[in-house]
Amino acid sequence: MRTDHLAGTSIPRFTYDTPWSPGNDFYSLCAGDTPLVMIFLPAFDHPITRAYITRYLKTLPDLKGVRLACVVRSSARQVAGMLEGKALPFTVICDAPGVLYSFMGVETAGLLNWSFEAQRILRSAQAKGLRYDRKAPQLLPLTLVVGPEGAILFTHYGRSLTDMPGDCGAVYSLCDEVCELTRRAAQAHPSPSAPAPRPKPSLHSDETLTLPDLAGDLTGQPEEDAISRLFD
């Protein structure tokens with residue numbers, strides 16, 4: 001399903017697990033007046049994931065009401081264990097088998113996708129004694145802006161391992177820009193006599209799927225606690 005032209009389609013309704021609760025409804029997460037920014041990251045304990053979630057935690061006030069969800073290639077149990085029972089202030093979607101990654105066409109990195117920033121993060125992690133599998137495929141990031149009922153408003157497939165919003169200020173700016181472009185498009189093509197066209201669903205949007213079903217059709221400055229210790 002990999003394409004840079006997904007705007008106007010929608011993600012099917014499915015249920016997902018977080019470190020704190022199983023079986024959450026994706027369309028409930030998408031509901032509301034403010035779009036949802038989704039950032040696809042590697043495993044939760046990967047140095048790049050740790051670095052970027054740390055940045056999001058430290059710059060949380062800059063979200064200014066924008067909603068953020070980070071998708072990670074880890075199980076809910078693994079993430080909950082690493083967080084030691086603490087909650088993050090944004091949604092964490094746990095997808096250990098990579099169903100969403102495959103469905104959205106997230107790709108693995110080649111030699112040309114290793115940015116200087118990625119190399120710096122990984123060298124710093126090694127200096128601190130943090131281990132990760134260098135031989136395993138490294139995932140490129142994906143950033144989505146999603147509206148109600150999974151409507152895809154914006155996609156950006158990272159060209160490097162760190163090609164994604166660097167902090168909550170960047171997340172807010174992206175969402176604000178997408179909302180403005182959406183408003184301009186609506187003003188340029190008004191249709192007072194007919195309802196606005198609905199995004200074309202990828203699957204039946206009135207059917208709630210689990211992640212395995214989906215595969216078949218193809219979180220102000222944090223306090224000094226377990227979270228801050230994890231992401232030192």
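In what follows, every heavy atom counts, from backbone to side chain, and hydrogens, waters and symmetry copies are set aside. Every value quoted in this text rests on a predicted model; they were computed, and no experiment measured them.
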| Under 3.5 Å donor-acceptor, Tyr52 side chain and Asp167 backbone | no
| said: Within the 4.5 Å heavy-atom criterion, are Pro22 and Tyr16 side-chain neighbours or not? | reply: no
| Partners meeting salt bridge (charged side-chain N to carboxylate O under 4.0 Å, His left out) with Glu177 (sequence neighbours left out) | none
| field | Full working for side-chain contact (heavy atoms from CB on, under 4.5 Å) between Val37 and Leu144 | value | CA-CA 6 Å; Val37 178; Leu144 301 177; over 6 Å; no
| So Ser160 and Asp163, side-chain hydrogen bond (donor to acceptor under 3.5 Å, both in side chains) or not? Walk me through it. | CA-CA 5 Å; Ser160 76; Asp163 186 9; 5.2 Å; no
| note | Sorted by chain and number, sequence neighbours left out, side chain to side chain contact (heavy atoms under 4.5 Å, CB included) with Ser173 holds for none
| said: According to ring-ring contact (aromatic ring centres under 6.0 Å, His included), who are the partners of Phe26, at least two apart in sequence or on a separate chain? | reply: Phe14
| field | Qualifying side-chain hydrogen bond (donor to acceptor under 3.5 Å, both in side chains) pairs, either residue in residues 62-77, two or more places apart | value | Ser75-Gln78
| Can you name the residues that form a side chain to side chain contact (heavy atoms under 4.5 Å, CB included) with Gln126, not counting sequence neighbours? | Arg134
| query | Do the charged groups of Arg123 and Glu117 touch, with an N to O distance under 4.0 Å? | reply | no
| query | Would you say Tyr157's side chain and Gly105's backbone share a donor-acceptor pair under 3.5 angstrom? | reply | no
| query | Residues in side chain to side chain contact (heavy atoms under 4.5 Å, CB included) with Ser21, at least two apart? | reply | Thr18, Asn24
